[in-house]
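Keep in mind that this is a model prediction, so the values were computed, not measured. Every number for a ligand or one of its atoms is a count from 1 in the order of the listing. All heavy atoms count here, side chains included; hydrogens, waters and symmetry mates do not.
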Amino acid sequence: MPKSRKTIDPAAEAMLDKAAEMGIATAFDRADQMKPCPIGSKGLCCKNCAMGPCRLAKEGQVGICGATIETVVARNLARAIAAGAAAHSDHGRDMAFVLHGAATGEAPGYRIRDEFKLREVARDLGIDTDGRTKEEIAIEVAEKALAEFGRQSGQLSYLSRAPRKRQEIWKELNIAPRGIDREIVEILHRTVVGNDQDAEHILDQGMRAALGDGWGGSMLATDLSDILFGTPSPLVTQVNLGVLKDDEVNIIIHGHEPTLSEMIVAAARDPEMIEYAKSKGANGITLAGICCTSNETLMRQGVPSAGNFLHQELAVLTGAVEAMVVDVQCIFQGLQDVTENFHTKLITTSPKAMISGAIHMQFDEHHAPEIAREIVKTAVDNYPNRGATYIPQVHENMVPGFSHEYIRYMLGGYYRGSLRPLNDAIMSGRLRGVAGVVGCNNPRVVQDEAHSHIVREFLKNDVLVVQTGCGALCSAKYGLLQGEALEYAGPGLREICETVGIPPILHMGSCVDNSRILTVLAEMATEGGLGDDISDIPGVGIAPEWMSEKALTIGTYFVASGAYVLFGVRSPIEGSEAVTDLIGRRWEEKTGGKLEFEPDPAKIVQKSLDHIDKKRAALGLPKYDASRFGQSGDRRYNAWLRAQAEGAKVSPYSMAGVTVKEA
Ligand code: BF8
């Protein structure tokens, strides 16, 4: 373990040493210096009106309006869920505007890349496609998508993608979202002073708004991005700070929305621009991503990743970054201070996110290629200003791009694409279950440590892992998103992965792409053999190092969809036992899913495996037994092949000294 105990990543460790040497503060240092507020961190601070803020530090204390601890804690959680849903969903809205512009020709540079997906989305939105051009369909898809945000009654169109039983549960609980924006607004209304003061009722609306994100805003963001930029399929790329090049112009693209970054990719690959970079003394242009912009561009364009959330300042510290180009979400204001120590230009691009002191080059989809070229040119022009550089030579190969469409394809080809083999593997016990391990880094805990521990334990226990966001980039940094990671896998998981030809952890995209995981869960539930609802599936969702309100929204929509979700770090509702019980026991009674906060990664693993085993038992599946399939995989098969070549008449199973027991 590195000496500072701030990270397990050797590249980050090297850069933190560099920062200390230069006297430059990063989020890691600020986290040391800024102790969390003991009242606010437990959800006990109410600042919803000017009679307060009220700090409810003692058992039984109430605010000036009489609000109880339970109400205050629930209101704070609901507001966080609303903020997260707003961020994801606004991202989805922007994608709809770009699709509209691409179809009408008002957004030159964009085009419809996946017509098949366009037609599929059109069908799910109830749009007639017969005899119509893709542009005509796309215009109506964009309009219908935009209408989902402003919808006032009925329910979101994509809810019909959920298993029938789940749809009935939502209806019964009255939490089926009517419109994406409406549910977010209603949380703000309900939590304004003197309004909804029943914790369960407040958090029912939290679930409703979160579902509007998961099955609405985020799902639309994913779908429309696929239509515009292509549905991902696996490719090989690299990750970590070592992807930056000492002799090339380095541009970091950081944030979330793929609209500008896709154009920057095109501009940076333009031979004329590369020649221009050479005229400035560089050998070329390297683009690298951070955070979810990275996930978006690496899974579609193979753009390497400079790392996850806490790498943003560390990348600048290399002294080798000509421009840090940011759009929305997860962008530290501290970047501005760090860039001032180097030649790096911090360029903000979104009309929604400016940073004092940064250069603002506003993105507009109607002129995207020109703006992207201007940004890349600004970076190239900055290359001669570069001083000393220090790039840690640490990087790994990774295989991202497992969209749900590709997972279906890889399990059955074009004509038999389905999740049947996945369900069968769980039913037979080769796979114990499935886990989504997602979310952020948080400097309150050692960077990547919990993520890394949890996914390795799952692999060892034959749990297939899917990942998104910064969690996926974490695993990638340690070589876990490639076939070599099979050495950590249990025998059943190993055999499945070798048969299908996949790594044991599947990168499914950015944080809005958690909607892809919803789709997979829905299809697993309807495929047969694992019950008839998401809550029946032996699976869990985990955000080990979460920090963003968006993570709370994601967790909540998974719970409301029937999943058991565990968050690490700390509990933002610790101040109320009643709310802790509400989102755990009570939500499980209502939805079949539950939300828990558990800071200890080892306990997260144990609780997850217990839950998976409980769900297996409820389905009447054989008890998971790690020894049942012996030492499966290529090692045994290769040994068997060798024995065959030598004339021995033995079965691959007996080669491993095991008897395959019947289910
Ligand atoms: O949306 S995982 S730190 S980058 S919030 Fe942010 Fe968290 Fe990373 Fe993607 Ni998601």
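- Lys352 NZ: more than 12 foreign heavy atoms inside a 6.0 Å radius.
- With a 6.0 Å cutoff to the six-membered ring centre and a 45° limit on the axis angle, Arg93 counts as a cation-pi contact of Phe149.
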For a salt bridge (charged side-chain N to carboxylate O under 4.0 Å, His left out) check, start with the C-alpha distance between Glu296 and Arg300, then their side-chain angles and the critical distance, and finish with the verdict. CA-CA 7 Å; Glu296 297 280 353; Arg300 295 197 180 90; 2.8 Å; yes
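- The environment of Gln333 atom CD is sparse: at most 12 non-hydrogen atoms of other residues, nucleotides or ligands sit within 6.0 angstrom.
- Between Phe597 and Trp546, the ring-plane angle classifies as tilted under the 30° and 60° cut-offs.
- Within the 4.5 Å cutoff, side-chain heavy atoms of Gln447 are placed close to those of Phe28.
- Protein N/O/S atoms closer than 2.8 Å to atom 6 (Fe) of ligand 1, listed by chain and residue number, are Cys330 SG.
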